[in-house]
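Below: the structure, in structure tokens.
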Amino acid sequence: MLGANVFAFLIAVAVLVATVFFPTEVHGRNRKLHFKKPSKHLLELPKEISYSDPKKSAVQNSFSQRLFDNGRSVMIRKSTKESVFIQGMVSATLNADSYGAYMVQDIAYLYNAVNAFNRAAEKMRDQGQSEFEQFYKNESSVWESKYLAPMLRDWHLKNTQNVQPGTAAQEYMSFLTTVSQKHAKYLAIAMLPCTMLWRWMADELFPSVQENSAYYSWFKENKSRRPGDRSRLESFVDQKFRSEEEYKEAKVFFCQAMFSELNFFRESGNESLYVLPPDCQALP
């Protein structure tokens, strides 16, 4: 039997989805979920700090972990963890409407990611990069079957065409789309924060979340399954990206994607967005 707080949470989310996707007769026409354009301000980032250390394990010194542990990433992930949205989930005080709005936009993000992987696979095929092509095809299939399809089913949605993302989500998706079209090799880098940041936050915060919280499952599902847990993306990146020249280019794509994750959470918690610093702009 559902606890009172969980029941209230589900009712609020159901009302949100019904309002967005099943408009009432009062308005007489379809409406889309959208958000007003938020204000933006600067987030001061430190200069890059090198975390490469011969005493660390191979995983700790891996290409993907170096990206996640540099000074800019450390500042961004700290700011994300301290955002109103994430802290609201930890304390179980996050408004259910805010959570529902985020999840609906996240479904649109997943749809965009599936398409981005497909486009990148085509670009890699044209460039004769068969390993990248096959990896991107596999990722597209996995993201569609494991993430997108279940989310559509659980939220009783046929597709994402009636979702109008907010500013942060739209900028994030546009960034990934452009990367897949013009810098397909680095789509693997741009997709890393989605897996690494969520897992890191869940690992950090899971012990503080009450088991009867409506948001408990988010942390449980996203935390590491075992010590040293790594995603397919991390393993692939660590195999295919090795040189310092690649790292120099990759860190800009990684930084912009990390910033996109931060702003997505901030907007969903009704916080102002941060302006992307020039040295984190992978695309003009």
Side-chain angles (χ1 to χ4, degrees), residues 62-68 70 72-73 76 105-149 151-152 159-161 163 165 167-199 230-264 276-284:
S62 68
F63 196 97
S64 60
Q65 198 63 41
R66 285 180 62 197
L67 291 170
F68 194 64
N70 75 49
R72 290 173 174 80
S73 297
I76 295 169
Q105 292 180 93
D106 195 44
I107 295 172
Y109 167 88
L110 292 173
Y111 177 79
N112 183 78
V114 169
N115 290 331
F117 278 126
N118 281 330
R119 279 189 297 269
E122 294 176 0
K123 295 293 184 180
M124 290 290 93
R125 180 197 61 204
D126 295 343
Q127 296 174 26
Q129 298 285 341
S130 60
E131 290 182 286
F132 274 87
E133 176 194 0
Q134 191 57 52
F135 177 76
Y136 286 153
K137 283 183 177 179
N138 290 341
E139 286 301 288
S140 177
S141 177
V142 170
W143 280 59
E144 183 170 19
S145 61
K146 186 177 180 179
Y147 306 124
L148 177 59
M151 287 281 280
L152 287 170
N159 52 50
T160 63
Q161 67 181 21
V163 179
T167 299
Q170 186 58 61
E171 289 179 353
Y172 194 1
M173 291 189 290
S174 296
F175 165 65
L176 295 178
T177 296
T178 304
V179 172
S180 71
Q181 295 170 333
K182 298 182 178 180
H183 307 274
K185 174 181 177 180
Y186 286 90
L187 181 64
I189 301 296
M191 295 301 298
L192 277 175
C194 182
T195 60
M196 299 183 76
L197 181 61
W198 285 39
R199 187 182 67 226
R230 302 168 75 228
S231 66
R232 294 180 308 277
L233 271 167
E234 289 167 83
S235 297
F236 182 80
V237 165
D238 294 342
Q239 292 172 9
K240 302 302 177 184
F241 295 81
R242 296 183 179 276
S243 72
E244 285 304 309
E245 187 62 30
E246 287 176 316
Y247 178 79
K248 182 178 180 181
E249 189 164 1
K251 70 181 182 182
V252 186
F253 287 94
F254 188 85
C255 186
Q256 184 162 347
M258 285 284 284
F259 239 90
S260 297
E261 287 283 340
L262 168 60
N263 273 341
F264 194 178
L276 186 67
D279 58 355
C280 272
Q281 292 180 9
L283 306 175

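Predicted, not measured: the structure shown is a model, and the values here were computed from it.
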Open item on the list: Do I76 and C255 make a side-chain contact, defined as non-hydrogen atoms from C-beta onward lying under 4.5 Å apart?
Closed with: yes

Task: side chain to side chain contact (heavy atoms under 4.5 Å, CB included) between K251 and R66, intermediate numbers included - done: CA-CA 9 Å; K251 70 181 182 182; R66 285 180 62 197; over 6 Å; no

- [ ] I would like to know whether L110 and W143 meet side chain to side chain contact (heavy atoms under 4.5 Å, CB included); could you show each step before the answer?
- [x] CA-CA 7 Å; L110 292 173; W143 280 59; 3.8 Å; yes

Task: Under 3.5 Å donor-acceptor, Q256 side chain and A282 backbone - done: yes

TODO: Measure the shortest side-chain to side-chain distance between F259 and P277 over non-hydrogen atoms and say whether it is less than 4.5 angstrom.
DONE: yes

TODO: Would you mind reporting whether F264 and Q105 have side-chain heavy atoms less than 4.5 Å apart?
DONE: yes

Open item on the list: Taking the side chain as everything from C-beta on, heavy atoms only, tell me whether R242 gets closer than 4.5 Å to F63.
Closed with: no

- [ ] Scan side-chain atoms only and decide if S231 and E234 contain a donor-acceptor pair under the 3.5 Å cut-off.
- [x] yes

Open item on the list: For the CD atom of Q239 and the OG atom of S62, what is their distance to the nearest 0.5 Å?
Closed with: 11.5 Å

Task: T178 side, atom OG1; M173 side, atom CE - distance, nearest 0.5 Å - done: 12.0 Å

Could you give the side-chain donor-acceptor pairs of residues 117-125 under 3.5 Å, partners two or more places apart or in another chain?
residue : atom : partner : partner atom : Å
N118    : OD1  : S140    : OG           : 2.9
N118    : ND2  : V114    : O            : 3.4
N118    : ND2  : S140    : OG           : 3.2
R119    : NE   : S180    : OG           : 3.1
R119    : NH2  : T177    : OG1          : 3.4

TODO: Indicate yes or no: does K248 engage E244 in a salt bridge with an N to O separation below 4.0 Å.
DONE: no

Open item on the list: Out of the candidates L67, I189, L176, only one should pair with F253 under the side chain to side chain contact (heavy atoms under 4.5 Å, CB included) rule; please name it.
Closed with: I189

- [ ] Would you mind telling me which of F254, Y186, F241 makes a side chain to side chain contact (heavy atoms under 4.5 Å, CB included) with E249?
- [x] Y186

TODO: Flag the pair E246 and K240 as a salt bridge only when some basic side-chain nitrogen lies within less than 4.0 angstrom of an acidic carboxylate oxygen.
DONE: no

Task: Close side-chain approach of F175 to L276, heavy-atom, < 4.5 Å - done: no

Task: Non-hydrogen side-chain atoms of R72 and D279 separated by less than 4.5 Å - done: yes

Open item on the list: When you compare the side chains of Q170 and S174, does any donor N or O come within less than 3.5 Å of an acceptor on the partner?
Closed with: yes

Task: Pairwise side-chain contact, F135 with E139, heavy-atom cut-off 4.5 Å (strictly under) - done: yes

Open item on the list: Can you confirm whether Y172 sits close enough to N263 that some side-chain heavy atom of one is under 4.5 Å from a side-chain heavy atom of the other?
Closed with: no

- [ ] Using a cut-off of 6.0 Å, state whether more than 12 heavy atoms not belonging to Q181 lie near its atom CD.
- [x] yes

Open item on the list: Does the plane of the ring in Y136 sit parallel, tilted or perpendicular to the ring in F236? Use 30° and 60° as the thresholds.
Closed with: tilted

